[in-house]
Amino acid sequence: MSSHLNHAVIGCGRVAPNHLDAFTAVPDTSVTWACDRDLAAARALAAGTGIRVTTDLAEVLADPEVTSVSVVVDHAQHAEIASAALRAGKHVLVEKPLAMTVAEGADLVALAERSDRVLSTVSQHRYDPVVLAVREWLAAGLLGDLVSGSVTLQCGRTEDYYRDSYWRGTWRGEGGSALVNQGYHALDVVDWLCGGLSVVGAATGTTALREVMETEDTLAAVLRGTSGTLVTYSVTVATAVPWRTRITLIGTAGTVVFDLDHPGTLHFVEGGPDLLARAEELRGRVIEEPPAGIGYYGVSHRLQVADFCAAVRHRRPMLADAAAGLGTLRLLRELYEVSGSHVAV
Ligand SMILES: NC(=O)c1ccc[n+]([C@@H]2O[C@H](COP(=O)([O-])OP(=O)(O)OC[C@H]3O[C@@H](n4cnc5c(N)ncnc54)[C@H](O)[C@@H]3O)[C@@H](O)[C@H]2O)c1
């Protein structure tokens, strides 16, 4: 097989430009198909690029030149499309969440293993320089033992955002809202940094946006790490602020406060001289790339896509591998269950 990778983007909506941008940036890699059941959306994504467009997923999967696909559609179809692509021998990068249910997600992970294909769920913020730095500091013991944490995401989604979408704000199409969609990344990153969390308690509410959604616009929870770390987690999509995260991690030897905004920023650090020196070094780094598409998605799609292509080429493990996507899916489904919210089928 030639080492050139040909990639197809399935679903050409809001976040698809990030996939096109990121795969185009990888050497020896081309995006060759834009597929959307709405031809106008596929054409809009492909405009000026020479990329072929289609409304027919089967046409893309039957193309032997296609090595990999991005699944960038509503949550309800992730499992079905990812599974069809794996069965067609393609490597798969699926937007978050991996699937609607843990059972579907586990089936996908097993299928990828059996077919010897790379499967990864988009967790671009795991690749943010500030997140990678905090992970290194934790691993080096610079924060001591983690005892406490807090995670907040406030973001603003208008009534039209839900009203104009065929899937958002519905249990059937989105499988939840504030948590599974906007809150996904903060949960994913903190679960990863804390080495795995489980749910102590959770509650959901639908307040300001109740006219336009059947799912939650707000969720608050308490989570616990394996060695006892207690983390409060809250997300709401019903504010005037487009996007603001704050993550505080408190250890016996140090504290950090950072965000998953763009670019990710370290706001506060307290601890020993080694931690302070590393924080200074991080603050000195500049992220120059402009993000593709919507700014608050950040630039780290490029980093994850480069990791994905390297995994396809060299069969090396990814930072955000198939198990990572399944782990986060398990935690967020547990949050919905504990909160007593409708569990999507
Ligand atoms: N990683 C991130 O930061 C980030 C940001 C936004 C969205 N997302 C995720 O990306 C996914 C898509 O979100 P979006 O905001 O781009 O949605 P969107 O509604 O804007 O776009 C979805 C597109 O998929 C198309 N589609 C639906 N079914 C199809 C099918 N069977 N075949 C081909 N095309 C089909 C629709 O016509 C639509 O154009 C979701 O999983 C969402 O959670 C991730």
Side-chain angles (χ1 to χ4, degrees), residues 5-20 22-23 31-42 45-46 51-124 165-168 170-176 180-181 184 301 304-305 308-309 311-312 318 320-322 324-326 328-329 332-333 344-345:
L5 303 183
N6 292 312
H7 188 75
V9 178
I10 317 292
C12 303
R14 286 165 67 96
V15 78
N18 294 66
H19 288 252
L20 176 58
F23 278 94
V31 175
T32 53
W33 287 101
C35 170
D36 198 295
R37 63 186 183 190
D38 172 4
L39 187 60
L45 184 69
I51 295 170
R52 279 179 288 178
V53 296
T54 182
T55 56
D56 184 6
L57 172 65
E59 191 181 1
V60 175
L61 298 186
D63 180 348
E65 297 296 315
V66 170
T67 35
S68 57
V69 304
S70 289
V71 179
V72 197
V73 303
D74 54 89
H75 301 169
Q77 296 186 82
H78 284 192
E80 189 184 338
I81 296 178
S83 168
L86 289 168
R87 286 178 203 282
K90 315 303 182 194
H91 302 279
V92 175
L93 178 63
V94 57
E95 266 295 350
K96 47 75 177 169
L98 173 59
M100 281 288 234
T101 67
V102 173
E104 284 172 347
D107 285 350
L108 283 178
V109 173
L111 176 60
E113 262 171 34
R114 277 201 310 279
S115 348
D116 192 25
R117 300 290 92 175
V118 176
L119 171 67
S120 173
T121 307
V122 175
S123 291
Q124 79 268 22
S165 169
Y166 67 93
W167 61 280
R168 293 191 188 93
T170 67
W171 285 110
R172 186 174 281 277
E174 195 173 19
V180 68
N181 204 332
Y184 183 96
H301 268 92
Q304 180 162 356
V305 165
F308 175 81
C309 291
V312 168
M318 282 185 71
D321 61 11
L326 182 58
T328 304
L329 176 61
L332 72 87
R333 280 293 144 214
V345 224

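Not measured: the values here are computed from a predicted model.
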Under the side chain to side chain donor-acceptor pair (under 3.5 Å) test, which residues partner [X], sequence neighbours left out?
| X | result |
| --- | --- |
| Ser83 | Arg87 |
| Asp321 | none |
| Glu65 | none |
| Ser123 | Asp188 |

Of all heavy-atom pairs between [X] and [Y], which one has the smallest distance, and what is that distance?
| X | Y | result |
| --- | --- | --- |
| Ala106 | Leu326 | N-CD1, 3.6 Å |
| Gln304 | Thr121 | NE2-O, 2.9 Å |
| Ser120 | Met318 | OG-CE, 3.3 Å |
| Gly13 | Pro17 | O-CD, 3.4 Å |
| Ser68 | Phe308 | CB-CE2, 3.8 Å |
| His7 | Val9 | CD2-CG2, 4.2 Å |

Main-chain N/O of [Y] paired to [X] side chain as donor or acceptor, under 3.5 Å:
| X | Y | result |
| --- | --- | --- |
| Thr67 | Asn6 | yes |
| Arg117 | Gly89 | yes |
| Asp36 | Cys12 | yes |
| Arg333 | Met100 | yes |

By side chain to side chain contact (heavy atoms under 4.5 Å, CB included), which residues pair with [X], not counting sequence neighbours?
| X | answer |
| --- | --- |
| Thr55 | Leu39 |
| Asp107 | none |
| Ala46 | Ala34, Thr49, Ile51, Val53 |

Any chance you could measure [X], atom [atom1], to [Y], atom [atom2], to the nearest 0.5 Å?
| X | Y | atom1 | atom2 | result |
| --- | --- | --- | --- | --- |
| Glu95 | Asn181 | CD | CG | 9.5 Å |
| Trp33 | Leu45 | CH2 | CG | 14.0 Å |
| Glu113 | Leu119 | CD | CG | 9.5 Å |
| Leu86 | Leu111 | CG | CG | 4.5 Å |

Any [X] side-chain heavy atom under 4.5 Å of [Y] side chain:
| X | Y | value |
| --- | --- | --- |
| His91 | Leu5 | no |
| His19 | Leu93 | yes |
| Val109 | Leu98 | yes |
| Val72 | Val122 | no |

Query raised in the report: Going through the distances and angles, do Leu61 and Val69 end up as a side-chain contact (heavy atoms from CB on, under 4.5 Å)?
Result: CA-CA 9 Å; Leu61 298 186; Val69 304; 4.3 Å; yes
**Report entry** For His75, all residues meeting ring-ring contact (aromatic ring centres under 6.0 Å, His included), sequence neighbours excluded
**Finding:** His78, Trp167
Report task. Go through the structure and list residues passing salt bridge (Lys or Arg N to Asp or Glu O under 4.0 Å) with Asp56, not counting sequence neighbours. Result -> none
Report task. Go through the structure and list residues passing salt bridge (Lys or Arg N to Asp or Glu O under 4.0 Å) with Arg52, not counting sequence neighbours. Result -> Asp63
Query - side-chain contact (heavy atoms from CB on, under 4.5 Å) partner of Val15, chosen from His301, Gln124, Lys96 - result: His301
Query raised in the report: Can you tell me if CD on Glu80 sees more than 12 non-hydrogen neighbours from other groups inside 6.0 Å?
Result: no
